[in-house]
Amino acid sequence: MRKLSDPLVASHLLFVLNALFWYWADSIPCALLLLASCGASTGHHLTRESNVLMRRVDVSFAVWALVGTVSYSFAFMGPHEMATCAALLGSALAIKKWGDRRGPYRRWHTLWHVSLAR
C-alpha cells in the first residue's frame, strides 16, 4: 500500500481544492463529481493499482468528472475560453497518453493529476 505522502496519492489534494472552487461557484454537482472521482482515484492509487474493480470505478468517475465539468464550463464560455479549455484538456490527455506508453508511471500519472487540476 502506498503512503498518503506519495506524490501520486498526495496530488489528489488538488482535486479537493478544485471541488472547493466548484462549490464556491455554486456548482454542487461538479463539486460532487470531483470529490467522488478523487475518492475513487485515491483508493485506486493507495492500493498500487492492484484492484481491478477499483480501477474500473476510478476510470468511470474520472470520465464522468471530466465530461461533467467541461460540459458545464462550456455553457458559460465564449469561443476563446472554449479554445483555451480544449487546449488545456488536450495537453493533459497527451500527458496521460505519453505516461501510459512511456513511463515511468508514477511520475507521469502524478503530472496528469496536476495538469487536470489547473
Side-chain angles (χ1 to χ4, degrees):
M1 194 140 158
R2 284 196 176 98
K3 294 182 179 185
L4 291 175
S5 60
D6 186 300
L8 185 56
V9 178
S11 62
H12 288 88
L13 288 175
L14 296 171
F15 292 108
V16 173
L17 288 174
N18 201 344
L20 282 173
F21 290 135
W22 281 103
Y23 175 78
W24 291 329
D26 287 331
S27 180
I28 307 302
C30 289
L32 292 174
L33 276 172
L34 281 166
L35 288 176
S37 178
C38 178
S41 185
T42 300
H44 175 60
H45 293 305
L46 278 173
T47 61
R48 295 184 175 268
E49 302 80 41
S50 61
N51 186 315
V52 175
L53 177 60
M54 263 326 271
R55 175 175 166 50
R56 289 182 183 152
V57 171
D58 174 27
V59 170
S60 295
F61 275 112
V63 168
W64 279 105
L66 272 173
V67 170
T69 56
V70 170
S71 298
Y72 184 85
S73 297
F74 271 23
F76 298 98
M77 292 182 183
H80 295 299
E81 291 89 359
M82 284 183 186
T84 301
C85 182
L88 290 172
L89 181 57
S91 66
L93 291 169
I95 288 168
K96 168 103 172 70
K97 199 65 147 172
W98 177 269
D100 286 350
R101 290 185 179 170
R102 307 274 182 195
Y105 177 79
R106 282 179 58 224
R107 179 182 306 144
W108 284 98
H109 203 81
T110 300
L111 185 57
W112 157 248
H113 288 172
V114 172
S115 68
L116 284 176
R118 52 186 164 153

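Between the side chains of His109 and His45, at least one donor-acceptor pair of N or O atoms lies under 3.5 Å.
Following chains of ILVMFWY side-chain contacts shorter than 4.5 Å, one cannot reach Leu35 starting from Tyr72, and the two form parts of different hydrophobic clusters. With hydrophobic clusters built from ILVMFWY side chains whose heavy atoms lie under 4.5 angstrom apart, Trp98 shares a cluster with Leu111. Hydrophobic clustering places Ile95 together with Val70 (ILVMFWY residues linked when any side-chain heavy atoms are closer than 4.5 Å, directly or through intermediates).
By the side chain to side chain contact (heavy atoms under 4.5 Å, CB included) test, Asp6 is found to be paired with Arg2, Leu8, Val9, Arg106, residues two or more places apart in sequence or in another chain being considered. Shown here are the side chain to side chain donor-acceptor pair (under 3.5 Å) partners of His44, two or more places apart in sequence or in another chain: there are none. A search for side chain to side chain contact (heavy atoms under 4.5 Å, CB included) contacts involving Trp64 returns Leu33, not counting sequence neighbours. Residues passing the side chain to side chain donor-acceptor pair (under 3.5 Å) test with Asp100, sequence neighbours excluded: Lys96. Leu13 meets the side chain to side chain contact (heavy atoms under 4.5 Å, CB included) test with no other residue; sequence neighbours excluded. With sequence neighbours excluded, the residues forming a side chain to side chain contact (heavy atoms under 4.5 Å, CB included) with Leu66 are Leu89, Trp112, Leu116, listed by chain and number. Remark: Ser11 pairs with His113 by the side chain to side chain donor-acceptor pair (under 3.5 Å) rule, at least two apart or across chains.
Grouping Ile, Leu, Val, Met, Phe, Trp and Tyr by side-chain contacts under 4.5 Å, direct or through others, leaves Val52 on its own.
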Donor-acceptor list for residues 73-85 side chains, cut-off 3.5 Å, not counting sequence neighbours:
{"unit_1": "Ser73", "atom_1": "OG", "unit_2": "Thr69", "atom_2": "O", "d": "2.8"}
{"unit_1": "Glu81", "atom_1": "OE1", "unit_2": "Gly78", "atom_2": "N", "d": "3.0"}
{"unit_1": "Thr84", "atom_1": "OG1", "unit_2": "His80", "atom_2": "O", "d": "3.0"}

Under 3.5 Å, sequence neighbours excluded: what are the donor-acceptor pairs made by side chains of residues 20-31?
{"unit_1": "Trp22", "atom_1": "NE1", "unit_2": "Asn18", "atom_2": "OD1", "d": "3.3"}

Which atom pairs, one a donor and one an acceptor, fall under 3.5 Å between side chains of residues 53-63 and the rest of the protein, sequence neighbours left out?
{"unit_1": "Ser60", "atom_1": "OG", "unit_2": "Arg56", "atom_2": "O", "d": "2.9"}

Side chain to side chain contact (heavy atoms under 4.5 Å, CB included), that's the test. Do Leu34 and Val16 meet it? Break it down for me.
CA-CA 7 Å; Leu34 281 166; Val16 173; over 6 Å; no

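Rounding to the nearest 0.5 Å gives a distance of 8.5 Å between OG1 of Thr110 and NE2 of His12.
A donor-acceptor pair under 3.5 Å is formed between the side chain of Ser91 and the backbone N or O of Leu88.
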